[in-house]
Amino acid sequence: MAGNDWINSYLEAILDVGPGLDDAKSSLLLRERGRFSPTRYFVDNVIGFDETDLHRSWVKAQATRSPQERNTRLENMCWRIWNLARQKKQLENEEANRAAKRRIEREKGRREAVADMSEDLSEGEKGETISDVSAHGDVHKGRLPRMSSLDAMEAWANQQKGKKLYIVLISLHGLIRGENMELGRDSDTGGQVKYVVELARALASMPGVYRVDLLTRQVACPEVDSSYGEPTEMLAPHNSDDMTEDIGESSGAYIIRIPFGPKDIYIPKELLWPHIPEFVDGALSHIMQMSKVLGEQLGDGHPVWPVAIHGHYADAGDSAARLSGALNVPMLFTGHSLGRDKLEQLLRQGRLTKDEINATYKIMRRIEAEELSLDASEVVITSTRQEIDEQWRLYDGFDPVLEKKLRARIRRNVSCYGRFMPRTVVIPPGMEFNHIVPHDGDVDGETEGEDQQPSPDPSIWAEIMRFFTNPRKPMILALARPDPKKNLTTLVKAFGECRPLRELANLTLIMGNRDNIDEMSSTSASVLLSIIKMIDKYDLYGQVAYPKHHKQSEVPDIYRLAAKTKGVFINPAFIEPFGLTLIEAAAHGLPMVATKNGGPVDIHRVLDNGLLIDPHDQQSIADALLKLVADKQLWAKCRANGLRNIHLFSWTEHCKTYLSRIASCKPRHPRWLKSNNDDDENSESDSPSDSLRDMQDISLNLKFSIDSEDRNNKLENAVLSYSKSVGKSTQKTVSGDKNEQPKFPAIRRRTHVFVIAIDADDIESLFENVHRIFEAVENEKSDGSIGFILATSLQMAHIHSYLVSKGVNPSVFDAYICNSGADLYYSSTHSEDNPFVFDLYYHSHIEYRWGGEGLRKTLIKWAASIIDRKAENKSEEHVVTEDEEVSTNYCYAFNVHKPGLVPPVKELRKLMRIQALRCHVIYCQNGKKINVIPVSASRSQALRYLHLRWGMDLSKVVVFVGESSGSSEVEQEQREREARNSSSNLTD
């Protein structure tokens, strides 16, 4: 259209992202000027979105014969383009504001943390910087030597003899089994499934490792194979040479499937969150039983506790944190894919609001679980340095700069004032290379240097070579799904526009499997159609292969074909988290060309077998490919480097580094059992927001909610009914002299336990409900088979004082969980003046990462900053004050005078995490009280402690809860839990 070239320019720029136009119809303004593409610049930097229906609108506009209607359509499209650009600008501003706010908060927290520690780093302390970490995550100074020979491996194995390690891995979502994995069946059954199974198998084959359990969900429903419903599956090693000498009845690697969640359906990971406490209870019982069995088998009779619990992904990290705290053993965490990074990506796309993202992906629950994992973990394992620098640093609980300062102080044996930061370690995933034999020779000939009958070519070779006019040319191989992030369209464009490269090489694109393009997802279909149109545009017939089908088992044969033609493997993705295909290709003797963004940088640093490129620069891609294909000496050098160094990515190397990181953790286990090597603390991380959530997160067989007086009759009837069933099922009586003080707490003798966790700011109303429950049980005369536990946010002194004033015998409760789970007492008949026994071991169980006085000072500063500037007396009035009378060594209590002016609990939790202070913040007693306790402590964790120490059967426990503090986050958790209970065998 005359005079409207600028409109054509904009519209064809949009078109350049999707299906392209004929050269004849392209505007002169859109032609490439050297290496600069104005169309690509416009789409990437001005619009930034790909609204798929814009192309359809353009096609309609082109087909319109009426000039007036065509102009109207084009004008409307221009307005839409302008709106897209405005949206992008708005999102960029929002993202910049979020980043600026996060930076200010972090710098402020860092300054306060350094000020509290009274000194900054001296020059001598700056020796170990973040960049000192190698590609495999260990600092060079303390790194174990690489096993470059069989002798070195044998020497290292001899050092491990005598160890009998028990390791627990957790991966909850997806379908997990040892053989015939259904990778790609759904979004939850992907690379993580293969990784955890192979990790368990490889660890069990290492010297010194006796048993590895991979805990996952048991899925027994018609829509999946029956193998996923088997409680136990043994993972056989790949070959008998991997078997260690520590062969015993229970040694080896096992998949242990724990039943939790809906029994008859397979649900996605986003719906698993409410059921995690149920998994934790089942996993705790399994680990306790297995530890006892291993203790008996290994001869000394003492339980063999896990040396570490390793959670994979956020849901498993949440579970591992609770189990780690319940068992007092070290925790490791691998995020695989992080929630904050996904949230940032989705917000940048602009298609969904934050609320819509959260509703779809449960992203905020996932992020909180990852923060909790940081609170509890000793070591965070990543695949690449990029994951630490660009993803973990987005979290409140991790700051690489503060980590450096804390690490320096620890090396100098200087106090960190209660601050802790997990150690981040880069350990790339391992691979099994025993079955790979790199081949030399050309595509038609035999292997060089060998005089033997050649084996028939794999069928996939013929399927690929049928595309080529000259199949003997070197093959450029790309293996990726047709996803815009994989950047395959830029690769095809670079190949098509570089005549020397086209003359020297062929291009093979393995883009998954397809039957019909129309049946593919819209995104994948769009990418594939763009590639096909580029092939037509540049007339690449006979030079590009894109087969429709291939099997997973044929992928090694595809690598072999590319290597036999002296080809190159390329990964041009915009960002590649790790790049396992690069390692697979190197193992088959293929040099690589890979993106400079993400994991390939670490791989290239180790292997030195290729070139890195800017994925946005098509000329850079073409130049790198041409250089490797044309320079045979460079190709041979890259191939040799890759084959020489590939063992550094073997499972043996991975597990050696992995076990060295576990060895660096101080051993921890329950202290009352054996106290030879327990110099350390304990770790766990719940996610509570007030006094009730920590009680709600335990899976028990009955729950009563007492929030109002109109439920009193329901309460009495329910307790009466339950007591009758207990009386019928247990006819036992407690034998022995009543005046004799038993050796163990009474809770150990009970067959059923009622836990009363009803908090209120009025202690009178609390005990009204207590008396009502007692009366209902007493009427049924349970003969001592039912015990009672009081779990409350109140202090023991207040409870004792009230019981004495009312003439109530304290022994009516077998145990008292006080201060929101920070203290544990048992009733005793030794003394009427002090009828309680304090569990000292419980404090040693929960003190892991407790900030102590450093945490208390920071909390006092925070409380002083919360003031009411609108007070009636015209003076600033403090809203939060420390309650020194109630505070104990493991519970810092604060009074809230005006609950409406106090920030949400997540803000206080965030502030503590930014300063590397790990704690469990609870708003309780209707928001009039704040209790801050160890991250390992909660009322639910105290019940798990009783289960662990005294054998209290959690399936025979009834919990009464009430008095929510009004936190919206907690109310949502409670609604989710009630929804789960209504669909299970729990009764209300």
Side-chain angles (χ1 to χ4, degrees), residues 44 135-137 183-184 187 190-192 194-195 313 334-338 340-342 344-346 348-349 381-394 426-431 476-492 494 507-512 523-524 527 531 555 558-559 562 568-588 590-618 620-621 624-625 628 638 642 645-646 648-649 654:
D44 288 345
H136 286 262
L183 302 181
S187 59
Q192 178 183 326
K194 182 178 181 181
Y195 170 76
Y313 195 79
T334 300
H336 290 279
S337 173
L338 299 185
R340 280 201 187 277
D341 186 57
K342 184 177 182 67
E344 294 290 334
Q345 291 179 17
L346 292 173
R348 282 195 294 269
Q349 291 174 9
I381 297 175
T382 69
S383 298
T384 66
R385 189 74 229 168
Q386 179 263 352
E387 187 178 339
I388 299 172
D389 295 338
E390 299 182 19
Q391 296 185 43
W392 274 120
R393 70 183 307 145
L394 298 175
V426 179
I427 312 180
M431 273 194 65
I476 298 170
L477 173 63
L479 198 155
R481 65 185 184 275
D483 187 301
K485 295 182 294 186
K486 298 302 181 181
N487 199 28
L488 294 178
T489 52
T490 304
L491 170 62
V492 176
L507 176 62
T508 297
L509 304 174
I510 306 297
M511 299 179 289
T523 302
S524 298
V527 172
I531 290 173
V555 172
I558 299 173
Y559 288 130
V568 177
F569 183 81
I570 181 168
N571 181 337
F574 291 120
I575 297 178
E576 181 58 58
F578 179 64
L580 192 60
T581 54
L582 295 173
I583 297 177
E584 293 175 346
H588 287 84
L590 274 173
M592 75 171 189
V593 171
T595 176
K596 67 177 184 178
N597 300 326
V601 176
D602 294 330
I603 295 173
H604 180 262
R605 185 183 299 124
V606 175
L607 296 182
D608 190 22
N609 70 326
L611 303 171
L612 299 179
I613 49 92
D614 178 359
H616 298 278
D617 185 351
Q618 75 176 54
S620 169
I621 296 173
L625 290 171
L628 275 173
C638 290
N645 298 320
I646 195 64
L648 299 178
F649 291 98
H654 178 98

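Position 1 is the first residue of the sequence, and the numbers go up from there. What you are looking at is a predicted structure, and each value in this text was computed from that prediction instead of being measured.
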Quick check: do [X] and [Y] have side-chain heavy atoms less than 4.5 Å from each other?
X	Y	answer
Glu576	Gln386	no
Thr508	Ile476	no
Glu387	Trp392	yes
Leu491	Leu507	yes

Work out which heavy atom in [X] is nearest to a heavy atom in [Y]; give both atom names and the distance.
X	Y	result
Pro600	Met592	O-CE, 4.1 Å
Pro615	Thr490	O-CG2, 3.9 Å
Asp483	Val527	C-CG2, 4.1 Å

Requested in this report: Please lay out, stage by stage, how His336 and Tyr195 fare under the test ring pair (Phe, Tyr, Trp, His ring centres under 6.0 Å).
Outcome: CA-CA 10 Å; His336 290 279; Tyr195 170 76; 5.5 Å; yes
Query raised in the report: Going by an N to O cut-off under 4.0 Å, is there a salt bridge joining Asp602 and Arg605?
Result: yes
Query - Donor-acceptor under 3.5 Å (Asn487 side chain, Pro572 main chain) - result: yes
Query - Side chain Asn571, main chain Ala573, donor-acceptor under 3.5 Å - result: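 Yes; judged by distance alone, with no hydrogens or angles, the pair exists.
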Query raised in the report: Do Tyr313 and Gln192 meet the criterion of a side-chain donor-acceptor pair at a distance under 3.5 Å?
Result: no
Query raised in the report: Is the centre of the Phe574 ring less than 6.0 Å from the centre of the His616 ring?
Result: yes
**Report entry** From CA spacing to verdict: side-chain contact (heavy atoms from CB on, under 4.5 Å), Thr595, Leu612
**Finding:** CA-CA 6 Å; Thr595 176; Leu612 299 179; over 6 Å; no
